Amino acid sequence: MNDLLIRGRVLTFVREPQGMEDSESYRFYEDGAVLVGGGKITAVGPYGDLAAAAGERVQLIDHRPHLVLSGLIDTHLHFPQTQAIASYGAQLLEWLNTYVFVEEQKFREGKHAAFIAGRFMDELLSNGTTTAVAYCSVHPESVDAFFTAAEERNMLMIGGKVMMDRNAPEALRDTPQTGYDETKRLIGKWHGRGRAHYAISPRFAITSTPEQMEIARALVAEHPACYVQTHLSENRDEIAFATSLYPEARDYTDIYARYDLLGRKTLLGHCIYLSDREISVLAEAGAVGVFCPTSNLFLGSGLFDRDRFDRLGGRYAVATDVGAGTSFSMLETMDEAYKILHLQGQRLSPLNSFYRMTLGNAQALGLEHRIGSLHVGADADIVVLDSRAKSAMELRMQVASSLAEELFVLQTMGDDRCVAEVYVAGKPMKRATGRVVAARERELELI
Ligand code: GUN
Ligand code: ZN
């Protein structure tokens, strides 16, 4: 394949922005370009310089006046809940029992899992998300479907089989032994294959017995290169139930700490009601709290206190949490993040939002050398954003006078319609029609 020269208004971050005016935190080329070869970025800079240096065989794709950024990253969502979005009326535990534990039973069927996995990946791509960290269901078939769909699209994806051996329907329960055996087999099969990474996934303290938590401890010790994902402190009833099941633990965080599940590769969804002590424990371990704004509003869970994480040195990431989260769009997610922080008197600058969706989330995953920014040697996962995709945006943009203002319009008014193109390892995945290529091909296969 020829090298690609992707031309547009190129924006990439080099560190976390400290306020609205922090122009040292990013690089912006008004007429810029990214040169791509062999699935990697081989040069980034002003278009004139790159065009002059590029060889004869380069294929030019001109995206002006759109913005060209590193592909967006989602650090927490549930692929088996793709058809459970918008399930009405319940808070966390009732919502899980009424809707989610019913929906997830369908993933016993490999065919269903494969169908949803394909649509799930395409939905991510339509929204400009090129990497995500996902929970699969308890069934190993769902993990095979998940990584197969990612591999077909060459996406860097992180995921794992949920482990749960109590407080769930019989059909969704594994045992400490089968949870161990199946997880171990899936790690052997998928972790490090192509762009796949495995996440050891005890769902949360409520659905794992102490015996299964011991098993999770063993798996983490045996596979330190894998991620660990679970849920922590999302809802007051959940906290009361979890801590009642582990009476020896000081608090909810201590349950996971006691089983050595907190480390730099651990992602903890929600983290809303943590004490200062608990945030300090996470900070000490380098574990990552995951802020899921649309989910936290949808389930009426509560407000993530970002400033306390910052003050106590806690690491945090941002995520959609589909299907409690109501959108696959990281733009819509950051719109809600802005409002949640605003309600608490905290500010989220547009620069910080875009940093969070890209380099910030890559750093939370320890993958900043490969994804999250446009640098030489990075994987060529790239999103192209159109700030005028809707008529109301076009009108608003007529009076926008700075890059930060444009980013704020994109975040506040934007959605998948703003994703003009998305590249995965240098391959364009979305056509002008707005449909993702693979989705169409899949449907043709099914007919
Ligand atoms: N806690 C345990 N499982 C889940 C889940 O599937 N979604 C959310 N939002 N919280 C959880
Ligand atoms: Zn979740």
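Atoms within a ligand are numbered from 1 in the order they appear, just like the ligands themselves. Note that these values count all heavy atoms, side chains included, but never hydrogens, waters or copies made by symmetry. Everything numeric in this text was worked out from a predicted model, so none of it was measured.
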*Cation over ring, R356 on Y316, under 6.0 Å and within 45°?*
yes
Please list, in number order, the atoms of ligand 1 under 4.0 Å from a heavy atom of [X].
X    : result
A324 : 9 (N)
L92  : 8 (C), 10 (N), 11 (C)
H78  : 5 (C), 6 (O), 7 (N)
F204 : 1 (N), 2 (C)

Taking atom types as modelled, is there a side-chain donor on [X] or [Y] under 3.5 Å from an acceptor on the other?
X    : Y    : result
E238 : Y273 : no
Q346 : D305 : yes
Y256 : T230 : yes
Q91  : N235 : yes
Q212 : D174 : yes

*Not counting sequence neighbours, which residues clear ring pair (Phe, Tyr, Trp, His ring centres under 6.0 Å) with H369? List them please.*
none
Write out the residue and atom name of the closest protein heavy atom to [atom], then the distance separating them to 0.1 Å.
atom                    : result
atom 6 (O) of ligand 1  : R203 NH2, 2.7 Å
atom 1 (N) of ligand 1  : H231 CG, 3.4 Å
atom 7 (N) of ligand 1  : W95 CZ3, 3.5 Å
atom 10 (N) of ligand 1 : E234 OE1, 2.7 Å

*Which residues share a side-chain contact (heavy atoms from CB on, under 4.5 Å) with R347, sequence neighbours left out*: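 Checked R347 against side-chain contact (heavy atoms from CB on, under 4.5 Å); matches are H342.
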*Got a sec, which residues hit salt bridge (charged side-chain N to carboxylate O under 4.0 Å, His left out) with R277, two or more places apart in sequence or on another chain?*
D251
*Would you say H270 contacts ligand 1, with heavy atoms under 4.0 Å as the rule?*
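So H270 counts as touching ligand 1.
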_Can you tell me which residue among D335, N127, D416, V419 is in a side chain to side chain contact (heavy atoms under 4.5 Å, CB included) with S329?_
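The residue from D335, N127, D416, V419 that satisfies side chain to side chain contact (heavy atoms under 4.5 Å, CB included) with S329 turns out to be N127.
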*What part of D321, side chain from CB on, backbone N/CA/C/O, both or neither, has a heavy atom under 4.0 Å from ligand 1?*
side chain
*Could you tell me whether T207 approaches ligand 1 through its side chain, its backbone, both or neither, with non-hydrogen atoms closer than 4.0 Å?*
neither
*Enumerate the protein N/O/S atoms at a distance below 2.8 Å from the Zn ion (ligand 2), ignoring waters.*
H76 NE2, H78 NE2, H231 NE2, D321 OD1
_Any nitrogen or oxygen of E104 lying under 3.5 Å from a nitrogen or oxygen in ligand 1? Just yes or no._
no
_H270 and S295, any side-chain heavy atoms less than 4.5 Å apart_ = yes
*May I ask you to decide if the ring planes of H76 and Y135 are parallel, tilted or perpendicular, using 30° and 60° as cut-offs?*
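Plane angle between 30° and 60°, so tilted.
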